Amino acid sequence: MRFRRSTWPRELADAVSGSASGRKESILAAAQLADGNWVAGTRAAVYLPADVPTESPGKPTPESVRRVGWEQIERAGWDSEASVLHVYETTDFGTPLRATDLKIDDPGRFGQLLRERVDASIVVQRHVPLAGKRGVRIVGRRNPASTESPITWNFVLDKGLEPTQPGIVDAAEAALAAVREEFGV
């Protein structure tokens, strides 16, 4: 028995190649959105719709997709009732996560790839209490396509803790330094 790979338009593969900053990237999974645009995933990155509207949905171009390394995806969530896949990108500390909502009937293999690659990007994840049980979640991520990629670090405060509270940011930065020292990275 042969398994058929899901198909996507040749223009999507060309758009991914044109956006890959000189890297050769092959699409592992893709899905068409309700508006006709496409999303795709490779070993190194996810390709989301660009911020500028496409002239012809269904006909991707390098300008119509936005490359985001897997290590830059904080999390994703599927809302089955609304048929929306929510993708959240990491940002600098103290700024809201960048959210992209993808209206899609069924994420299928693309959704599976999204989960697998985001999980694979996590090198270190540690919760450090700062005030009782509330604390900071420290995450070190690396692009899963290469063990040579640098680790990027971020931390997220638990609900109830604010960066404006005295000593919280200093304690979170000290916790980050301790985790980095513990893991030698």
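Remember, it's a predicted structure, so these values are computed and weren't measured experimentally.
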Under a plain distance cut-off of 3.5 Å, with no hydrogens placed, do Glu25 and Thr42 share a side-chain donor-acceptor pair? yes
For Tyr88 and Arg75, does a side-chain donor sit closer than 3.5 Å to a side-chain acceptor? no
If two hydrophobic side chains count as joined below 4.5 Å and joins carry through other members, does [X] share a cluster with [Y]?
{"X": "Val68", "Y": "Trp78", "result": "yes"}
{"X": "Val156", "Y": "Val123", "result": "no"}
{"X": "Leu97", "Y": "Val87", "result": "no"}
{"X": "Ile138", "Y": "Ile168", "result": "yes"}

Hey, does [Y] have a side-chain heavy atom less than 4.5 Å from the side chain of [X]?
{"X": "Phe110", "Y": "Leu85", "result": "yes"}
{"X": "Leu113", "Y": "Trp70", "result": "yes"}
{"X": "Leu33", "Y": "Pro49", "result": "yes"}
{"X": "Val128", "Y": "Val179", "result": "yes"}
{"X": "Leu157", "Y": "Leu130", "result": "yes"}
{"X": "Val84", "Y": "Leu102", "result": "no"}
{"X": "Val169", "Y": "Pro163", "result": "yes"}
{"X": "Asn37", "Y": "Gln32", "result": "no"}

Please list, chain by chain and in numerical order, all residues satisfying side-chain hydrogen bond (donor to acceptor under 3.5 Å, both in side chains) with [X], sequence neighbours excluded.
{"X": "Arg126", "value": "Glu182"}
{"X": "Gln112", "value": "none"}
{"X": "Asp158", "value": "His127"}
{"X": "Gln72", "value": "none"}

As a quick check of understanding, evaluate side-chain contact (heavy atoms from CB on, under 4.5 Å) for Leu48 and Val65, giving each step before the final call. CA-CA 5 Å; Leu48 300 171; Val65 294; over 6 Å; no
If every non-hydrogen atom of [X] is compared with every non-hydrogen atom of [Y], which pair is closest and at what distance?
{"X": "Phe183", "Y": "Val124", "answer": "CE1-CG1, 3.7 Å"}
{"X": "Ala40", "Y": "Val16", "answer": "CB-CG2, 4.3 Å"}
{"X": "Pro107", "Y": "Ala31", "answer": "O-CB, 4.5 Å"}

List in chain and number order the residues that pass side chain to side chain contact (heavy atoms under 4.5 Å, CB included) with Asp79, two or more places apart in sequence or in another chain; answer none if no residue qualifies. Glu81, Ala82, His86
Decide yes or no on salt bridge (charged side-chain N to carboxylate O under 4.0 Å, His left out) for Arg66 and Glu89, but give the supporting numbers first. CA-CA 12 Å; Arg66 183 169 58 89; Glu89 297 172 46; 2.9 Å; yes
Under 3.5 Å: donor-acceptor pair, side chain of Ser64, backbone of Pro60: no
Keeping Glu173 on the side-chain end and Asp170 on the backbone end, is there a donor-acceptor pair under 3.5 Å? no
Just how far is it from atom [atom1] of [X] to atom [atom2] of [Y], taken to the nearest 0.5 Å?
{"X": "Arg142", "Y": "Ser121", "atom1": "CZ", "atom2": "OG", "value": "11.0 Å"}
{"X": "Ile73", "Y": "Leu114", "atom1": "CD1", "atom2": "CG", "value": "7.0 Å"}
{"X": "Ser149", "Y": "Arg141", "atom1": "OG", "atom2": "CZ", "value": "14.0 Å"}

Apart from Ile122 itself, its cluster of hydrophobic side chains linked below 4.5 Å comprises Val139
Presence of salt bridge, Glu116 and Arg109, under 4.0 angstrom: no
Charged N-O contact under 4.0 Å between Arg117 and Glu71: no
